[in-house]
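All chains are named by letter (A, B, ...) in the order of the sequence lines, taking the proteins before the strands, and each is independently numbered beginning at 1.
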2 protein chains.
Amino acid sequence: MTAPIAPADLRSAMILASVRRAFMEKGFDGASMQDLAREAGMSVGNFYRYFPSKAAIVEALITGDLTDLERDFSDILVSPNPMGRLRQTIKRHVEDSLCNGEGRLWAEITAVSLRKPEIAVIVGQMEIALVRNLTTVFSISSGLPLTDVIDRYAAHASFVVMMVMASSMQACDAGKQNADLTALVLRTINQTLDEIPQMTLKG
Amino acid sequence: MTAPIAPADLRSAMILASVRRAFMEKGFDGASMQDLAREAGMSVGNFYRYFPSKAAIVEALITGDLTDLERDFSDILVSPNPMGRLRQTIKRHVEDSLCNGEGRLWAEITAVSLRKPEIAVIVGQMEIALVRNLTTVFSISSGLPLTDVIDRYAAHASFVVMMVMASSMQACDAGKQNADLTALVLRTINQTLDEIPQMTLKG
DNA sequence: ACGGCAAGAATGAACGTTCATTCATGCATT
DNA sequence: AATGCATGAATGAACGTTCATTCTTGCCGT
């Protein structure tokens with residue numbers, strides 16, 4: 001049987017979605033529980049029925065992002081041309097995430113993760129998941145065993161992740177400057193992916 | 001005559017140096033004035049004789065970093081081979097800044113600058129200064145007029161800055177993973193700099 | 001050499017505010 | 001009547017900031 005989605009979980013997910021705005025505008029330390037509750041459209045007391053503490057919200061938020069990423073990759077992995085699909089997903093992500101506020105959140109998460117070990121663990125899990133997913137794509141498109149790919153190209157995966165993150169954290173001025181920079185980022189990512197061997201198709 | 005350094009300025013500079021640790025460990029919002037004062041080895045009240053508010057400390061801290069950068073570049077610009085000197089300065093910076101806590105501070109600054117316009121202004125000035133300095137180096141080593149270089153290679157400069165920042169914000173695990181990643185970062189930076197035309201030396 | 005004294009460096013308790021968290025209470029629905 | 005969801009006022013701790021006060025220093029007339 002499929003796991004039934006508890007209504008409370010659904011509610012929690014909706015709360016997490018609304019709460020992002022408050023965190024974007026004020027930061028994790030700057031946003032108060034009052035702010036979060038207001039943004040979620042409920043009272044402070046009721047808020048605590050869904051999340052036992054402020055720290056729990058932050059952790060749930062990051063964990064939720066990890067779930068989203070897994071979903072993106074499951075799409076990529078089942079596609080007929082995973083590597084091509086990966087490239088276009090990254091392109092879209094880099095071009096869209098410029099001014100949508102998602103970068104603010106990631107900058108916040110990065111800063112906190114370098115400071116708080118318990119957050120570092122969660123972010124570390126996410127990066128491990130990303131690298132595993134990326135190397136899996138590499139493995140499929142190259143035909144090499146996953147273990148070999150991890151040995152040789154894990155750093156390539158990390159590097160791509162780093163570039164995507166970094167470009168999402170750029171200040172958005174919507175000028176030529178940013179467009180040129182985005183182009184350079186995408187070119188570099190593509191060059192990095194070009195270094196992964198490709199399986200020669202048999203006719 | 002050289003501008004005399006007021007003792008108060010010297011003291012402020014020392015306070016800024018000591019205060020970095022508190023900000024690294026707790027973040028800009030997380031560190032209290034009591035924390036900062038304790039780290040600076042003085043009472044809270046006395047602390048306010050040197051900085052009128054918490055925001056002023058943050059701004060002074062970032063501005064101080066800008067001054068440091070200008071000093072680095074003045075060394076580079078007067079060297080006989082500015083481009084080579086630039087490469088080795090970047091290499092040293094990327095390799096050293098991995099686990100020394102400077103990345104924590106930059107992650108914090110990045111996050112705040114995406115959130116607070118007044119901080120964004122200061123960080124923006126720093127990035128402008130960096131790009132101007134880098135393009136000046138490009139201009140010298142290529143022989144092209146500065147305006148041309150800015151037109152064509154400002155994005156290259158921004159890109160290099162972005163890479164250096166991003167790699168300093170990586171979590172430090174001191175393993176093979178990080179070493180490989182750093183190698184990729186440095187390779188990419190060098191490739192980017194290779195695209196700047198070099199003046200042919202005349203014998 | 002020495003007591004008196006102004007100047008300002010330094011202190012930490014106090015202030016008003018805001019924070020995360022809790023709890024007594026109300027309002028449906030059964 | 002009873003159960004579960006929701007409220008927002010209450011609580012105590014901690015925050016940034018201020019301020020009355022105490023130390024430290026160096027100079028003065030003697």
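Within residues 36-45 of chain B, the residues having any heavy atom closer than 4.0 Å to DNA chain D are, in order of number, V44(B), G45(B).
For the pair F28(A) CZ and dC19(C) P, the interatomic distance rounds to 17 Å; values are reported in whole Å. Between Q34(A) atom CD and dT7(D) atom P the separation is 14 Å, expressed in whole Å. In this structure, NZ of K54(A) is placed 4 Å from P of dA20(C), rounded to the nearest angstrom. The CG-C1' distance, from D29(A) to dG16(D), rounds to 15 Å in whole Å. One can place CZ of R49(A) at 6 Å from P of dA6(D), the figure rounded to the nearest angstrom. We find that OH of Y48(B) is positioned 9 Å from C1' of dT18(D), with the value rounded to whole Å. The interatomic distance linking M33(A) (CE) with dT21(C) (P) rounds to 6 Å, in whole Å. With rounding to whole Å, F47(B) atom CZ is found 14 Å from dT18(D) atom P.
Looking at R49(A) and N46(A), their side chains do bring a donor and an acceptor atom within 3.5 Å of each other. A donor atom on one side chain and an acceptor atom on the other are found under 3.5 Å apart for S32(B) and D35(B). Counting only N and O atoms by type, the side chains of E127(B) and S158(B) include no donor and acceptor under 3.5 Å apart.
Ion pair E102(A)/R20(A) flagged as a salt bridge, since at least one NZ, NE, NH1 or NH2 atom sits closer than 4.0 Å to an Asp/Glu carboxylate oxygen.
A31(A) comes within 4.0 angstrom of sugar-phosphate atoms only, judged by non-hydrogen atoms across all strands, and of no base.
Judged purely by atom type and a 3.5 angstrom limit, R104(A) uses its side chain to pair as donor or acceptor with the backbone of L114(B). Judged by distance alone, the side chain of K54(B) and the main-chain N or O of A31(B) form a donor-acceptor pair under 3.5 Å.
Comparing dT7(D), dT21(C), dT11(C) by their closest approach to the side chain of N46(B) singles out dT11(C).
Around atom CZ of R21(A), no more than 12 heavy atoms belonging to other residues, nucleotides or ligands sit under 6.0 Å away.
For dA10(C), one of the phosphate oxygens OP1 or OP2 lies less than 4.0 angstrom from a side-chain nitrogen or oxygen of Y50(B).
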